[in-house]
Amino acid sequence: MSYSNTLDFAKGMDAKDPLKSFRSKFYFPTFHEKEVVYFTGNSLGLQPKTVEERIKEELDAWAKYGVEGHFLAKRPWFAYHENLTEMAANVVGAKPEEVVVTHSLTTNLHLLMVSFYRPEGKRTKILCEAKAFPSDQYALESQVKFHGLDLEKDLIEIEPRAGEHLINEEDIIGKIEELGDELAMVMIGGVNYYTGQLFDMERITAAGHAVGAQVGFDLAHAAGNINLKLHDWGVDFAAWCGYKYLNSSPGGVSGMFVHERHAYKPELPRFAGWWGYDKETRFQMEPGFNPMRGAEGWQLSNAPVLGMAAHLASLEIFEEAGMDRIGQKRDVLTGYLEFIIKDISERNAERCTFEIITPADKSKRGAQLSILAHGQGKDLFDVLTEQGVIADWREPNVIRIAPAPLYNSFEDCFRFGQCLESAIQ
Ligand SMILES: *Cc1c(COP(=O)(O)O)cnc(C)c1O
């Protein structure tokens with residue numbers, strides 16, 4: 001694909017974009033009465049305009065029926081989450097029985113690790129990536145301590161090699177093989193939140209299974225971004241949040257995946273709550289836990305309907321767009337943004353002190369580019385913000401930008417370039 005850093009080129013690309021009509025389905029924040037360049041869909045996705053209607057339907061049902069809304073609402077609250085299952089499964093490449101939308105991401109990670117991190121004998125170790133998202137680090141640490149194990153010995157982190165920013169996948173595979181029957185679980189972010197590096201989840205899963213370990217992924221930066229095939233890849237478990245690329249409201253409900261080979265094992269240990277109980281007999285309230293079949297057996301609580309209504313609105317848009325078309329646009333759009341940044345840094349070589357650390361290979365990344373700013377990165381970031389670019393600053397020196405293919409345009413990328421060029425000048 002040959003690109004050009006001009007407004008005409010960007011507008012031409014937008015005109016033939018098969019997803020162009022989707023932009024108008026979202027509210028864009030404004031700055032000085034102009035739409036911002038919103039490149040933080042990897043942190044909080046924009047609000048779909050249909051969210052209000054979906055939430056209003058449930059507020060009206062609540063007003064009209066009170067508690068009876070559990071059965072009388074158009075989408076009965078008793079089973080509200082079921083409205084989301086199939087569409088969420090399509091987003092992550094799973095069978096519907098393998099997916100449930102419930103709780104928040106870190107909660108789901110813990111619930112899944114309770115079932116899938118089962119240290120026994122010499123098989124006690126967890127393998128994860130160094131500099132995982134902080135919440136994941138704390139979750140992993142506390143799981144190790146919960147089993148009375150030793151962080152130094154049992155939590156193994158894979159780091160980039162000296163002088164490199166990305167993790168070499170061979171090091172992950174090599175470490176899995178080296179740990180062998182001491183490895184209980186691999187738990188990695190499918191897309192690293194800091195660098196935007198996408199890992200080969202199929203290969204990592206196969207390597208983990210070859211030594212008898214369970215393999216799970218945090219898909220916070222992958223769901224709605226990457227074309228996932230969780231079922232076919234044989235991943236044991238996964239969790240993701242609904243509010244990044246999935247645009248489902250701040251702190252919104254999240255999803256979890258349990259592969260079908262585990263999903264029907266009622267004997268699998270878990271932390272239980274009433275909503276994970278077999279729904280046919282749930283209200284007999286008998287002692288003794290009899291789980292739902294499938295991923296639904298990991299639910300604790302009854303559905304937070306208002307948050308789920310927001311998620312429903314967003315998933316309807318994903319269903320209409322389809323992950324295939326989203327993925328195709330993602331690669332072309334991200335490639336265009338990368339081209340613009342490189343064009344600017346080449347033309348301003350003497351002033352430029354930044355580099356893109358995200359992999360250049362599009363099969364190794366999604367929609368995010370991480371710009372490592374040597375020197376005055378925060379100043380650069382602040383000037384961009386002042387010009388109406390909403391990006392994300394991560395200490396010590398990374399600016400993360402993510403053109404979300406559902407609603408960002410080629411013109412957004414061009415405008416970003418204009419702001420960047422004037423900022424460095
Ligand atoms: C965003 C994110 C989280 C956030 O967890 P919450 O429980 O939703 O607050 C956790 N892990 C990763 C990798 C993330 O990117």
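Note that ligands are numbered from 1 as they come in the structure, with each ligand's atoms numbered from 1 the same way. Computation of the quantities below employed the complete heavy-atom set of this structure, encompassing side-chain atoms and omitting hydrogens, waters and symmetry-equivalent molecules.
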Subset of ligand 1 atoms that lie under 4.0 Å from at least one heavy atom of [X]:
| X | value |
| --- | --- |
| A220 | 2 (C), 12 (C), 13 (C), 14 (C), 15 (O) |
| Y243 | 1 (C), 4 (C), 5 (O), 6 (P), 8 (O), 9 (O) |
| K244 | 1 (C), 2 (C), 3 (C), 14 (C), 15 (O) |
| H221 | 15 (O) |
| T106 | 5 (O), 6 (P), 7 (O) |

TODO: For the residue pair W298 and S115, confirm or rule out a side-chain donor-acceptor distance under 3.5 Å.
DONE: yes

Open item on the list: Just to confirm my output: which protein heavy-atom neighbour is closest to atom 12 (C) of ligand 1, and how far is it?
Closed with: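 Minimum-distance protein heavy atom for atom 12 (C) of ligand 1 reads F133 CG, 3.3 Å.
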
Task: I167 side chain reached by F199 side chain, heavy atoms, under 4.5 Å - done: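 Touching, per the 4.5 Å side-chain cut-off.
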
TODO: Find out whether the Lys NZ or Arg CZ of K244 is both under 6.0 angstrom from the six-membered ring centre of F133 and within 45° of the ring's axis.
DONE: yes

Open item on the list: Whether R282 engages the ring of W275 as a cation-pi pair (distance to the six-membered ring centre under 6.0 angstrom, angle to the ring normal within 45°) should be assessed.
Closed with: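 Yes, a cation-pi geometry.
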
Task: Test of proximity, S104 against ligand 1: N or O pairs below 3.5 Å - done: no

Task: Heteroatom proximity flag, Y193 to ligand 1, N/O under 3.5 Å - done: no

Open item on the list: Quick test of your reading of the model: are R415 and E35 salt-bridged, counting only N-O distances below 4.0 Å?
Closed with: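 E35 and R415: not salt-bridged.
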
TODO: Record the part of D136 in heavy-atom contact with ligand 1 below 4.0 Å; permitted values are side chain, backbone, both and neither.
DONE: side chain

- [ ] Assert yes or no for the condition that the ring centre distance of H147 to Y117 is strictly below 6.0 Å.
- [x] yes

Task: Aromatic plane relationship, W393 with F381 - under 30° parallel, 30 to 60° tilted, over 60° perpendicular - done: tilted

